[in-house]
Amino acid sequence: MNKDADGFYTPAAGDPPKDEEAPPAEEEKSGPASDLIKSTFQVMVTLADQQLDPNSPLYSAKTFEELGLHQDLLKGIFDMGFSKPSKIQERALPLLLANPPQNMIGQSQSGTGKTAAFVLTMLSRVDFTKNKTQALCLAPSRELARQIMSVVVAMGKFTPVQTEYAIKDSLPKGASHITAHIVVGTPGTMTDLMRRKVIDVSEVKVFVLDEADNMLDQDGLGDQTLRVKNMLPRTHPVQIILFSATFPDHVRSFASKFAPSANKIELQKEELSVEGIRQFYMDCRNEEHKYDILVQLYSLLTIGQSIIFCQHRHTADRISARMTAEGHKVASLHGAKDAGERDTIIDNFREGKEKVLITTNVIARGIDILQVNMVVNYDLPLMNERDAQAREDARPDIETYIHRIGRTGRFGRRGISINFVHDKRTWLQMEQIEKAIGRKIIRIETNDIDEMEEKMKKALK
Ligand SMILES: Nc1ncnc2c1ncn2[C@@H]1O[C@H](COP(=O)(O)OP(=O)(O)OP(=O)(O)O)[C@@H](O)[C@H]1O
């Protein structure tokens with residue numbers, strides 16, 4: 001990219017990677033199943049047993065019926081409105097459900113249906129006649145754990161499944177013993193409950209990590225996740241399932257050790273972000289101008305629903321307080337709020353009672369709210385959050401960027417993401433993001449609201 005005469009940055013010829021340059025991968029392009037299930041991204045399947053052909057129809061399921069699931073589970077799936085498997089489900093489910101169980105490391109773009117794949121696996125492996133915990137699932141945030149649980153409950157609606165949370169403040173005081181078949185939680189609370197023997201893991205058969213790269217990252221939740229794994233029974237094999245939209249190189253080898261001999265489904269690097277998300281940037285003059293622009297965007301933000309990502313909790317609080325004082329209706333959510341408050345805020349947003357949510361990376365991953373059609377990176381995501389902002393050389397956090405914008409454009413829908421840049425440093429960070437993800441980030445004028453509106457409405461059509 002170059003800076004033009006007006007001081008704005010524009011792509012230089014041949015500079016950023018182009019969508020169409022994505023090299024063909026091993027697998028076929030899938031045909032459209034419906035307007036929404038039109039996934040043209042490609043995945044590469046590697047079977048743990050290398051003598052088998054991953055492209056054999058044996059390892060692909062075009063319908064839920066052919067998976068050999070119990071009728072009660074099929075009823076649950078159809079009751080949720082799913083008529084046929086999405087691409088990742090089509091490839092992952094036959095491998096996940098096969099016997100003897102095999103580990104899985106599965107990657108697929110945001111919003112493509114990974115949750116249903118692992119939830120169905122947990123539900124189909126539970127023996128409902130035993131009142132014992134048989135499947136554990138970990139996620140990086142309470143919001144995501146609650147959402148996963150809602151899928152377990154919906155999909156298991158016609159089964160006798162019993163569930164329990166392992167998230168902060170979720171258990172009744174004094175609860176000493178969990179007998180639920182499936183426990184979903186965050187690693188800290190799960191470790192605590194396992195240590196105190198509130199959860200008896202002796203019959204656990206399936207262990208799922210959603211957002212697995214984040215859960216295994218040593219800079220993140222890696223230690224706690226490992227602790228949970230080390231407490232699992234060694235008397236019988238436990239199927240380990242890792243899913244994420246991203247698996248950066250530095251966690252890939254650890255993931256392979258964590259889930260040994262796993263079948264693998266991988267995305268091409270160039271296809272990490274969903275095509276339906278149109279990515280824009282706005283060149284702001286300074287921090288204060290970012291706020292002004294956000295306020296000017298308000299009417300656009302409320303056409304559907306939007307999520308505004310900030311780097312710090314205090315920024316989220318500050319701009320939400322300021323916007324509220326100026327008469328705009330916004331909510332803010334971050335990890336410093338207490339558990340009950342967090343639940344209310346996300347539930348209100350999910351129900352559409354709030355249209356604009358100002359937040360931090362706490363909900364960058366996994367949250368699935370179909371009405372969200374706009375994501376704003378008020379601050380770009382940076383590596384080593386705490387001290388990065390001050391540093392000139394702070395690197396953008398590509399994975400977090402992919403997850404953040406993936407809160408829109410769910411399951412084939414259209415969405416918009418807008419990055420605010422306000423100086424050379426942030427612009428260079430955005431350029432690095434653009435290069436890494438191989439998709440164009442298009443500039444929108446900050447001084448022409450009409451043009452801005454027109455461009456955005458067009459992108460959503
Ligand atoms: N087979 C299907 N048919 C119809 N809708 C589906 C199907 N599978 C999943 N969905 C819907 O697609 C949406 C996205 O699914 P999900 O949240 O599992 O995505 P994900 O791949 O886990 O995304 P992320 O990487 O952001 O966590 C959900 O609303 C889900 O109900």
Side-chain angles (χ1 to χ4, degrees), residues 30 32-39 41 43 60-67 69 73-74 76-93 96 104-122 137-141 143-155 157 184 208-215 241-247 265-267 271-274 276-277 305 307 309 350 361-373 375 399-415 417:
S30 76
S34 76
D35 275 355
L36 287 179
I37 315 180
K38 207 182 342 183
S39 37
F41 66 93
V43 291
S60 179
K62 296 281 179 210
T63 66
F64 286 115
E65 287 88 341
E66 70 195 78
L67 289 165
L69 294 163
L73 282 178
L74 272 184
I77 292 168
F78 295 134
D79 192 64
M80 288 175 79
F82 296 3
S83 51
K84 53 176 297 192
S86 69
K87 177 127 178 176
I88 180 71
Q89 292 160 7
E90 183 184 314
R91 297 310 311 256
L93 281 168
L96 286 167
M104 158 74 75
I105 300 177
Q107 185 185 16
S108 164
Q109 292 169 330
S110 55
T112 52
K114 294 182 286 292
T115 316
F118 65 73
V119 167
L120 206 48
T121 310
M122 291 196 289
C137 174
L138 289 182
S141 69
E143 286 75 13
L144 186 52
R146 291 177 74 233
Q147 178 181 296
I148 292 167
M149 187 63 99
S150 72
V151 178
V152 174
V153 170
M155 210 165 258
K157 183 174 162 190
V184 182
V208 177
L209 297 186
D210 193 13
E211 309 300 341
D213 57 329
N214 189 214
M215 305 297 291
I241 301 172
L242 311 182
F243 267 115
S244 183
T246 52
F247 277 98
I265 299 181
E266 288 163 294
L267 270 176
E271 299 199 72
L272 287 172
S273 71
V274 171
I277 307 170
Q305 282 181 282
I307 303 181
F309 285 105
R350 212 177 268 288
N361 284 339
V362 70
I363 62 154
R365 285 171 174 259
I367 295 303
D368 177 61
I369 299 174
L370 304 178
Q371 304 87 314
V372 172
N373 54 12
V375 166
E399 280 72 35
T400 300
Y401 178 86
I402 289 165
H403 288 277
R404 279 184 180 184
I405 67 166
R407 293 321 95 214
T408 184
R410 310 286 296 166
F411 212 70
R413 288 167 180 79
R414 282 193 185 283
S417 70

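Predicted, not measured: the structure shown is a model, and the values here were computed from it. Each ligand, and each atom within it, is numbered from 1 in the order the structure gives.
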**Fill in**
Separation between CD (Q147) and CD1 (I367), nearest 0.5 Å, reads 4.5 Å
**Request:** Pick one of side chain, backbone, both or neither for how F82 approaches ligand 1, counting any non-hydrogen atom pair under 4.0 Å.
**Result:** both
**Prompt:** Taking all non-hydrogen atoms of both residues, which atom of I277 and which atom of I405 are closest, and how far apart?
**Reply:** CD1-O, 3.4 Å
**Request:** Tell me, with the steps shown, if L370 and R413 meet side chain to side chain contact (heavy atoms under 4.5 Å, CB included).
**Result:** CA-CA 8 Å; L370 304 178; R413 288 167 180 79; 3.6 Å; yes
**Atoms in ligand 1 with a heavy atom of T115 nearer than 4.0 Å** = 16 (P), 17 (O), 18 (O), 22 (O)
**Prompt:** So is H403 polar-close to ligand 1, meaning N/O to N/O under 3.5 Å?
**Reply:** no
**Prompt:** Does a donor on one side chain and an acceptor on the other come within less than 3.5 Å for N361 and T400?
**Reply:** no
**Message:** If we only consider heavy atoms of R407, is any one of them less than 4.0 Å away from an atom in ligand 1?
**Reply:** yes
**Complete:** S110 heavy atoms within 4.0 Å reach ligand 1 at atoms 23 (O), 24 (P), 25 (O), 26 (O)
**Message:** Strictly below 4.0 Å, N to O, side chains only: are R365 and D213 in salt-bridge contact?
**Reply:** yes
**Message:** What I want to know is whether Q89 and ligand 1 share at least one N or O pair that is separated by under 3.5 angstrom.
**Reply:** yes
**Message:** Polar contacts were defined as any N/O atom of the residue lying under 3.5 Å from an N/O atom of the ligand; does this apply to A245 and ligand 1?
**Reply:** no
**Message:** Need the ligand 1 atom indices (1-based, order shown) with element for anything under 4.0 Å from a heavy-atom of T112.
**Reply:** 19 (O), 20 (P), 21 (O)
**Request:** Please identify which atoms of ligand 1 are closer than 4.0 Å to at least one heavy atom of R410.
**Result:** 14 (C), 16 (P), 17 (O), 19 (O), 20 (P), 23 (O), 24 (P), 26 (O)
**Atoms in ligand 1 with a heavy atom of L370 nearer than 4.0 Å** = 29 (O)
**Request:** Within a distance under 4.0 Å of any heavy atom of Q109, pick out the atoms of ligand 1 and give their elements.
**Result:** 21 (O)
**Prompt:** Which of the atoms in ligand 1, numbered in the order shown and given with their element, are less than 4.0 Å from a heavy-atom of K84?
**Reply:** 1 (N), 2 (C), 3 (N)
**Prompt:** Does R365 come within less than 4.0 Å of ligand 1, judged by its heavy atoms?
**Reply:** no
**Asked** For S110, what residues pass the side-chain contact (heavy atoms from CB on, under 4.5 Å) criterion, not counting sequence neighbours?
**Response** V274, R407, R410
**Message:** So, regarding G113 and ligand 1 (criterion: nitrogen or oxygen to nitrogen or oxygen, under 3.5 Å), is there a contact or not?
**Reply:** yes
**Message:** To the nearest 0.5 Å, what is the distance between CG on L96 and CZ on F243?
**Reply:** 5.0 Å
**Complete:** Within 4.0 Å of some non-hydrogen atom of E211, the atoms of ligand 1 are 27 (O)
**Request:** Select the closest option to atom 28 (C) of ligand 1 among V151, I88, D368, D210, judged by heavy-atom distance.
**Result:** D368
**Prompt:** Strictly under 4.0 Å, does any heavy atom of M80 approach an atom of ligand 1?
**Reply:** no
**Asked** Has ligand 1 got any nitrogen or oxygen that is less than 3.5 angstrom from a nitrogen or oxygen of S108?
**Response** no
**Least distance between heavy atoms, T112 atom then S86 atom** = O-OG, 2.8 Å
**Message:** Check contact between S86 and ligand 1, using heavy atoms of the residue and a distance below 4.0 angstrom.
**Reply:** yes
**Item:** Nearest atoms (heavy-atom pairs only) where A145 meets V184
**Value:** O-CG1, 3.6 Å
**Asked** Of the choices K114, M155, E90, which has the non-hydrogen atom that lies closest to atom 25 (O) of ligand 1?
**Response** K114
**Over all atoms of both residues, closest heavy-atom pair of K84 and K62** = CE-O, 3.7 Å
**Message:** Which heavy atom of V43 sits nearest to which heavy atom of R91, and what is that distance?
**Reply:** CG2-CG, 4.4 Å
**Request:** Please name the pair of heavy atoms, one in A116 and one in Q89, separated by the smallest distance, quoted to 0.1 Å.
**Result:** CB-NE2, 3.4 Å
